[in-house]
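In what follows, a single structure is set out as structure tokens and then discussed.
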Amino acid sequence: MSLQGKKIIVGISGGIAAYKTLSLIRLLISNGAQVKVICTQNALQFVTVLTIESLSQNNVYYDTFGSRQMATEHVSHADWGDLFIVAPATANIIGKMAHGIADDALSTTLLTFRKHILIAPAMNVNMFENPVLQDNLQLLIKRGTVVLDPEYGFLACGTCGKGRMPEPETLLEAVRNALAGGDTAVMSQTNGILRGKKILVTAGATVENIDPVRYISNHSSGQMGVAIADKFAASGADVTLLLGKAQYKPQNSSVRVVETPTAELMHNAATKEWERTDVAVLAAAVADYRPAEIAASKIKKSGQTLTLQLEKTPDILAALGKSKHKGQTLIGFALETDNEVANAKKKLSEKNADVIVLNSLRDEGAGFNVQTNKVSFITSNSIEALPLKSKNEIANDIVRLVAERVK
Ligand code: CTP
């Protein structure tokens, strides 16, 4: 997405990572955005007014009562901007934002600003993990501020841990995303409700071996399930993805991927994870049957026909439904060709799921190997039929549905 014509306010507070914010300003400008920078006095210990003004092509606002600025500049800045990103955000500015303190140019403008706010905390790991800071972040998240998680690595204080500000390119991506209503927006729309929740997702097709060279599988590409894993990760959840054969891989590096090529392996991994899982979304196309025996060597061609003995695979959804405890949410998928709603309702109750995401192969644009899908959310007392949407949008809808239920 181009940032042409977008008005971005960059807030800089006093941390060493401020030097990286200079690159962010350049990136924003070169992508077509207009940029105004608001600094704390301490930020100017790390970067100079001259550098920022040269890069942003605008005056820097840092002194509420400075001679060259109007006294209401915090209001005009706040009205001007489409998005506000504070990078780096120190523990001090986070504390002020969380508690409504407005005692300088940056905090006063932040309090006046009512659109997208993104913050990129950057500090020493002990400071970051301090419950005071974490509580303040939770307060902000609840109010819709998007917190861009700091990264692990070497910190300026010489220690190693979580606290590094993400690279300017990552921040640029987050800005783009927020303005496009994408992943960053998911995070603010789910208001941090899913932050830290344990989410288990299955995706892709399972592969059931016949002999060393042949197998039974299906056309699932894994796109839907992988998108779901990515969107949950974007909402701040802790995501484990059990992945069968798939043409897609998660984009979000925080998704923990466990390769589970067969129904048996997926079942074993899912039942092991389930106990400490808050929400499971089973989007994998699991084979219902597998060869009763896997031939040790390649089956040679012989008669006119060949009969394979198949046996049932474990039903993962049913297994999780059986041991589901209070507070857990279980979501299954159903791909039906006829009696769609009735079949989906039957699956819902027989497998003790909370929601079945129903898609019908009869709907144009739905099913395997297309970018779109048309689904309905079936619960024990409701049916919500969604229009044809991209799989990414449906993944967003599933995340929002879960956030609603968890709330
Ligand atoms: N599923 C599963 N384990 C299986 C088979 C299916 O966990 N061995 C899950 C799928 O991931 C999906 C849901 O069950 O979430 C429904 O899958 P589907 O194949 O449509 O349902 P089945 O119960 O297998 O019924 P049928 O094939 O007869 O429609």
Side-chain angles (χ1 to χ4, degrees), residues 199-209 215-229 232 239-246 248 257-275 277 279-292 310-324 328-363 366-368 373-380 391 394-395 397-399 401-402:
I199 312 285
L200 180 69
V201 180
T202 68
T206 63
V207 169
E208 310 298 337
N209 285 339
Y215 61 78
I216 298 173
S217 191
N218 59 65
H219 292 298
S220 171
S221 67
Q223 188 181 7
M224 188 72 245
V226 168
I228 292 167
F232 271 112
V239 184
T240 299
L241 173 66
L242 307 183
L243 192 59
K245 179 169 73 72
Y248 290 82
V257 181
V258 183
E259 292 196 5
T260 50
T262 67
E264 183 80 29
L265 290 172
M266 197 176 269
H267 169 265
N268 294 349
T271 48
K272 196 168 142 223
E273 291 286 332
W274 184 224
E275 181 57 32
T277 295
V279 180
V281 183
L282 304 192
V286 185
D288 288 331
Y289 292 91
R290 67 185 167 205
L310 301 180
E311 65 179 15
K312 249 194 177 149
T313 56
D315 188 322
I316 305 165
L317 185 59
L320 302 193
K322 219 172 193 171
S323 57
K324 185 172 72 173
Q328 287 182 307
T329 302
L330 182 58
I331 302 183
F333 272 68
L335 180 61
E336 304 290 344
T337 51
D338 32 37
N339 295 328
E340 290 95 337
V341 173
N343 280 334
K345 285 212 144 182
K346 194 159 166 260
K347 266 174 205 168
L348 183 82
S349 69
E350 282 179 0
K351 303 192 190 198
N352 196 26
D354 300 290
V355 183
I356 289 285
V357 181
L358 166 67
N359 45 105
S360 164
L361 266 190
R362 283 202 292 197
D363 283 319
F368 295 129
N373 209 352
K374 191 165 182 305
V375 303
S376 303
F377 295 147
I378 314 271
T379 70
S380 57
K391 288 183 178 172
I394 293 172
D397 288 335
I398 291 172
V399 171
L401 175 90
V402 168

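We count ligands from 1, going down the list as the structure has it; atoms in each ligand are counted the same way.
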Smallest separation among heavy atoms of S220 and A285, with atom names: CB-CB, 3.6 Å
Does atom CD (E275) have a neighbourhood of more than 12 heavy atoms from anything else shown, all under 6.0 Å? no
Listed by chain and number, what are the side-chain hydrogen bond (donor to acceptor under 3.5 Å, both in side chains) partners of D354, not counting sequence neighbours? K324
Nitrogen or oxygen contacts under 3.5 Å, ligand 1 side and protein side:
| from | atom 1 | to | atom 2 | distance (Å) |
| --- | --- | --- | --- | --- |
| ligand 1 | 3 (N) | I316 | N | 3.0 |
| ligand 1 | 7 (O) | I316 | N | 3.4 |
| ligand 1 | 7 (O) | L317 | N | 2.9 |
| ligand 1 | 8 (N) | T313 | OG1 | 3.4 |
| ligand 1 | 8 (N) | P314 | O | 2.9 |
| ligand 1 | 11 (O) | L282 | O | 3.4 |
| ligand 1 | 11 (O) | A284 | O | 2.7 |
| ligand 1 | 15 (O) | L282 | O | 2.7 |
| ligand 1 | 15 (O) | F333 | N | 2.8 |
| ligand 1 | 15 (O) | F333 | O | 3.3 |
| ligand 1 | 20 (O) | K347 | NZ | 2.8 |
| ligand 1 | 21 (O) | K347 | NZ | 3.1 |
| ligand 1 | 23 (O) | K351 | NZ | 2.4 |
| ligand 1 | 24 (O) | D288 | OD1 | 2.9 |
| ligand 1 | 24 (O) | D288 | OD2 | 3.2 |
| ligand 1 | 27 (O) | D288 | OD2 | 2.9 |
| ligand 1 | 29 (O) | K347 | NZ | 2.9 |

Considering non-hydrogen atoms only, spot the tightest contact between W274 and A280 and give its length. CZ3-CB, 3.5 Å
side-chain hydrogen bond (donor to acceptor under 3.5 Å, both in side chains) with T379: which residues, sequence neighbours excluded? N381, S382
If the condition is side-chain hydrogen bond (donor to acceptor under 3.5 Å, both in side chains), which residues does T260 pass it with, not counting sequence neighbours? none
